[in-house]
Amino acid sequence: MSESSMLQHPGRNLGMELVRATEAAAIRATPWIGKGDKNAADGAAVDAMRRFLATVSFDGVVVIGEGEKDEAPMLFNGEHVGNGLGPACDIAVDPIDGTSLTAAGRSHAISMIAASDRGTMLDASSVFYMDKLVTSHEGIGVVDIRKPIAENIRALAKAKGKKVEDIRVAILDRPRHQGIIDEVRAAGAGTRLILDGDVAGGINAARPDSRIDMCIGIGGSPEGVGTACAVKALGGLIQGILYPQTDEERQKAIDAGLKLDYVYEADELVASDNTYFVATGVTDGDMLRGVRRENGWIFTESIILRSKTGTVRRILAEHAEEKWL
């Protein structure tokens, strides 16, 4: 491989470098777990992630950042991160996916970064919500977000060799989803209601070893693009339909060149076969264990997914607490 081509694509060790940033964000957020102040938790995580990203050898552009959602002065859309050397990448960051979970001391909060080749991530920031469907590889060519939920459940159950009553569907627990919750249960399947942070729900649906078979419903569109990076590494299925809330938001989407009333497939959400998804647990969850402090040590669990190699790495790290004071 020539030097020029090496500079154009994320290298083999990028995920191992990015994980230091998610570890730092998770560790810095832990003093705020259960303290009821989600802004303080998010602020600590944002600052830590940005500081560590500055040391990574890459030229990253934040396509999906904190942005207007959290009124953040750092890690905003369009910001350049990294030391400017190495591969040119698009990145999606969420220092804490599940700030409300963290503030309440609930499970399933994570710190995450997704990366892909420069110019390949869909910038869906002008539309806050996206209707999503995620499954493992068995769902490819079998389910479709445009079909009735019950039909998709029956088709996926057949493809996976499971009974319909054994199918579990993850859904954000929101009033807007009461109708689809009722439909899932009427079809005979079970629900796993998520309080916050649907990235982990989508990834669990795509994992072959998960108890979750499908993740559906309306969540953040930026989170959908980040989830797509992970789903591509896992060989799963993700579909998304942008869901503008107002005429003004709809017009912003049109002005940004986004397609409305259109099903975005994985390769349209992230048009690269070299994606990374990196996450560290903040609080305990099905996917990752949260940060623990014991006897002068800080323990973290992280996951690194890469689509180009189909690799899933789990990293258990022990950090000397005195270094984090």
If you take all heavy atoms of [X] and [Y], which pair is closest and at what distance?
{"X": "V142", "Y": "L156", "answer": "CG1-N, 4.1 Å"}
{"X": "I64", "Y": "P222", "answer": "CG2-CB, 3.1 Å"}
{"X": "I194", "Y": "G201", "answer": "CD1-CA, 3.9 Å"}
{"X": "T311", "Y": "T309", "answer": "OG1-OG1, 2.6 Å"}
{"X": "V282", "Y": "S111", "answer": "CG2-N, 3.8 Å"}
{"X": "I298", "Y": "V291", "answer": "CG2-CG1, 3.6 Å"}

Would you say [X] and [Y] make side-chain contact, with heavy atoms under 4.5 Å?
{"X": "L242", "Y": "K259", "result": "no"}
{"X": "N77", "Y": "V63", "result": "no"}
{"X": "V225", "Y": "D123", "result": "no"}
{"X": "V127", "Y": "K252", "result": "no"}
{"X": "L258", "Y": "L122", "result": "yes"}
{"X": "M121", "Y": "T275", "result": "no"}
{"X": "V164", "Y": "I153", "result": "yes"}
{"X": "L133", "Y": "V143", "result": "yes"}

Distance (rounded to the nearest 0.5 Å) between [X] [atom1] and [Y] [atom2]:
{"X": "L269", "Y": "K232", "atom1": "CG", "atom2": "NZ", "result": "8.5 Å"}
{"X": "I145", "Y": "I241", "atom1": "CD1", "atom2": "CD1", "result": "4.5 Å"}
{"X": "Y243", "Y": "D261", "atom1": "OH", "atom2": "CG", "result": "11.0 Å"}
{"X": "L305", "Y": "R314", "atom1": "CG", "atom2": "CZ", "result": "8.5 Å"}
{"X": "I140", "Y": "T135", "atom1": "CD1", "atom2": "OG1", "result": "7.0 Å"}
{"X": "E151", "Y": "D144", "atom1": "CD", "atom2": "CG", "result": "9.0 Å"}

Determine whether a donor-acceptor pair (N or O, by modelled atom type, separation under 3.5 Å) exists between the side chain of [X] and the backbone of [Y].
{"X": "T22", "Y": "V19", "value": "yes"}
{"X": "Q251", "Y": "E248", "value": "no"}
{"X": "D213", "Y": "R168", "value": "yes"}
{"X": "E79", "Y": "L75", "value": "yes"}
{"X": "S307", "Y": "D273", "value": "yes"}
{"X": "R118", "Y": "D59", "value": "yes"}
{"X": "S221", "Y": "F128", "value": "yes"}
{"X": "D42", "Y": "K38", "value": "no"}
{"X": "T283", "Y": "R106", "value": "yes"}
{"X": "K132", "Y": "I238", "value": "no"}

Hphob cluster co-occupancy, [X] + [Y], side-chain heavy atoms under 4.5 angstrom:
{"X": "L288", "Y": "L316", "result": "no"}
{"X": "L237", "Y": "V169", "result": "yes"}
{"X": "F58", "Y": "M16", "result": "yes"}
{"X": "L234", "Y": "I315", "result": "no"}
{"X": "I110", "Y": "L101", "result": "no"}

Would you tell me whether S272 and T120 have side-chain atoms, one donor and one acceptor, within less than 3.5 Å of each other?
no
Can you tell me if S136 and E138 form a side-chain donor-acceptor pair at under 3.5 Å?
yes
Give the intermediate values and the outcome of salt bridge (Lys or Arg N to Asp or Glu O under 4.0 Å) for residues R51 and D47.
CA-CA 6 Å; R51 287 175 183 270; D47 182 62; 2.9 Å; yes
Which one of L14, I91, N83, V81 satisfies the side-chain contact (heavy atoms from CB on, under 4.5 Å) criterion with V56?
L14
Would you find more than 12 non-hydrogen atoms of other residues, nucleotides or ligands less than 6.0 Å from K158 atom NZ?
no
When you look at CG of D247, are more than 12 heavy atoms from neighbouring residues, nucleotides or ligands closer to it than 6.0 Å?
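No, because the 6.0 Å sphere around CG of D247 holds 12 heavy atoms or fewer from other groups.
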Kindly determine whether M130 and I218 satisfy side chain to side chain contact (heavy atoms under 4.5 Å, CB included), including the steps that lead there.
CA-CA 5 Å; M130 177 186 288; I218 300 166; over 6 Å; no
Would M287 and R207 count as a side chain to side chain contact (heavy atoms under 4.5 Å, CB included) if you check the C-alpha gap in whole Å, the side-chain angles of each, and the deciding distance to 0.1 Å?
CA-CA 10 Å; M287 184 170 71; R207 288 169 52 199; 4.0 Å; yes
Plane angle bin for W324 and F52 - parallel if under 30°, tilted between 30 and 60°, otherwise perpendicular:
parallel
Applying salt bridge (charged side-chain N to carboxylate O under 4.0 Å, His left out), which residue pairs with at least one partner in residues 285-296 are found, sequence neighbours left out?
R192-D286, R211-D286, R292-E294, R293-E321
Is the cationic atom of R176 (NZ for Lys, CZ for Arg) positioned less than 6.0 Å from the six-membered ring centroid of Y129 and within 45 degrees of its normal?
yes
Note: with side-chain heavy atoms under 4.5 Å as the link, the other cluster members for I212 come out as none
Could you go through V199 and M112, starting from their C-alpha distance and side-chain angles, then the distance that decides it, and tell me whether this counts as side chain to side chain contact (heavy atoms under 4.5 Å, CB included)?
CA-CA 9 Å; V199 173; M112 60 144 285; 4.0 Å; yes
Should T55 and R20 be marked as a side-chain hydrogen bond (donor to acceptor under 3.5 Å, both in side chains) after you check the CA-CA gap, both sets of side-chain angles, and the distance that decides it?
CA-CA 10 Å; T55 70; R20 296 186 299 115; 3.0 Å; yes
What do the steps show when you test T300 against I27 for side chain to side chain contact (heavy atoms under 4.5 Å, CB included), and what is the final call?
CA-CA 8 Å; T300 59; I27 289 170; 3.9 Å; yes
Return each pair, listed once, that meets ring-ring contact (aromatic ring centres under 6.0 Å, His included) where at least one residue sits in residues 277-305; pairs must be two or more places apart or across chains.
none
Show the numbers, then the answer: is there a salt bridge (Lys or Arg N to Asp or Glu O under 4.0 Å) between K35 and D37?
CA-CA 6 Å; K35 300 296 178 60; D37 191 341; over 6 Å; no
